[in-house]
Amino acid sequence: MSALAVLARRELALAWGRGGGPLLALGFYGAMTTMLPLAAGPAPARLAAVAAGVAWVGLALASLLSLERLFERDFEDGALDLLALGPLPLEAVCAVKCLAQWLTTGAPLALAAPLAAIALGASPKAAPLIAASAALGGLAFAFVGGTGAARALASRRGGVLIAVIVLPLLIPPVIFGGAAAQAFADGLPWLTGFALLAAYALAAVALTPFAMAGACRNALS
Amino acid sequence: MITSLHIQSLTLQRGERVLFRDFTLTLAAGEAVALTGPNGAGKTSLLRAVAGFIRPAAGRVRFEGAAGEIEAEEARRGGCHLVGHQDGLKGARTAREELGFQARWMGGSPEGAAERFGLARLLNLEVRKLSAGQRRRLALARLIATPRALWLLDEPLAPLDTASRALMGEVMTEHLAAGGLMLAAVHDPLPIAARTVEIGG
């Protein structure tokens, strides 16, 4: 088995078990969408107006939940030393970690997002767009969030630091994804928002592994 | 394969504090060095500097192979084991999964390593259920599961019992006989003949 496959298997197994894995994020997301009508009132017109927006805010917050431990465990128990001395560069290791995080929380959330939006009154016709954009958004959240998690290594109150670093960077995908879904609901051209979201996600995948690897090296020294 | 390690006029600094200055050491194939010194003298930092984790304030670390100098990054990725205070094992996974991952990730195979270290009957247990000595043996098993020339060991024997120390002595002797190199930070003497180098103090 190649080193990449060995690492991917380990990271998927760890991400699946980390803090409840997909169940925690899905539970949080489900709770948020069921509580909104209770808090804001059940009037269908009001809920339908905010359905896409709420689905996106929920996605962003739910994908942050288990990020804190993405690098922290490996750092604390010494496994990060081992990962740094393996055959793949640390940049690749970081990318694999974030992809595993995305597959175990981002992808299940992307399947749940259309359900949540429809439950809140969005049109079922919007479901494919919402699922696709949630999958892209989740990819951006995993990589940008991973950068925050790596940066917060070896610092006290890392969780607070992650929120401060990461939240501003999560805003663009929320705007692009929310705008695409809203435009679709209003019968307007939605491709621009979707394309910007895709560009943001791909830029995050291409660039953040370098920042993560730098932050890990810094923490190891 | 690494045939010699050259630490040249190395100065290490942690924050404002200088750990040691102008430390020079050459280690050739088949040779073992026991690093001694009081707590906080910089033994762990020296090992981590050789592994490339800590950037020295001055001096350098070079690796040489049969065909001349090996680029440091390549030497570390392909020829270097670091077993530190922390075993790098995940408590929630089984010993088999962890040993399998560590061995295959470094490019080896876990076959036989567990038996050699007397771990065969423990492989199905979660790592958190192992004792400190058993965990350390599991971490040390990757040394033979994945042959690499340079072993950097940080207090490798501290939690081990007498029998395991004797076993590690055998494993170390075989490694050196096969042309390996070993740099170990220790307080107790190593179970094999080794040159002692004191740092700090």
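Order of the sequence lines fixes the chain letters, A, B, ..., with proteins taken first and strands second; residue numbering starts at 1 for each chain. All values derive from a computational prediction rather than experimental measurement.
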Worksheet item: How long is the gap from CG on Leu47(B) to CG on Asp81(A), to the nearest 0.5 Å?
Response: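 The CG atom of Leu47(B) sits 11.0 Å away from the CG atom of Asp81(A).
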Worksheet item: Got a second to check how far Asp87(B)'s CG is from Asp77(A)'s CG, nearest 0.5 Å?
Response: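 It is 9.0 Å, given to the nearest 0.5 Å.
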Discussion item. So which residue, Leu4(A), Leu85(A), Asn218(A), Leu7(A), ends up with the most heavy-atom pairs under 4.5 Å with chain B?
Written reply: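 Ranked by contacts with chain B, first place is Leu85(A).
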Could you have a look at [options] and say which one has the most heavy-atom pairs with chain A under 4.5 angstrom?
{"options": "Glu98(B), Arg55(B), Glu97(B), Arg14(B)", "value": "Arg14(B)"}
{"options": "Glu74(B), Gln86(B), His81(B)", "value": "Gln86(B)"}
{"options": "Glu73(B), Arg148(B), His85(B)", "value": "Arg148(B)"}

Fill in: Arg21(B), CZ: over 12 other non-hydrogen atoms inside 6.0 angstrom
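Check fails, neighbour count at 12 or below.
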Item to complete: Look only at the side chain of Arg77(B) and the backbone of Leu88(A), and say whether a donor-acceptor pair between them is shorter than 3.5 Å.
Response: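 Yes, because the side chain of Arg77(B) sits within donor-acceptor range (under 3.5 Å) of the backbone of Leu88(A).
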Discussion item. When you measure from the side chain of Trp105(B) to the backbone of Leu82(A), do you find a donor-acceptor pair of N or O atoms at a distance under 3.5 Å?
Written reply: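 Flag set: sc Trp105(B) to bb Leu82(A) pair under 3.5 Å.
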Worksheet entry | Part of Leu80(A) lying under 4.5 Å from any heavy atom of chain B |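 Contact with chain B involves no heavy atom of Leu80(A) at all.
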Discussion item. Does any backbone or side-chain atom of Asp74(A) lie under 4.5 Å from a heavy atom of chain B? Answer side chain, backbone, both or neither.
Written reply: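 Both the backbone and the side chain of Asp74(A) come within 4.5 Å of chain B.
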Worksheet item: Can you say whether Arg48(B) sits under 4.5 Å from chain A via the side chain, the backbone, both, or neither, judging by heavy atoms?
Response: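 For Arg48(B), the side chain is the part near chain A, not the backbone.
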Worksheet item: Which heavy atom in Arg10(A) sits nearest to a heavy atom in Arg93(B), and how many Å separate them?
Response: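 Where Arg10(A) meets Arg93(B) most closely, the heavy atoms are CG-NH2, 3.7 Å.
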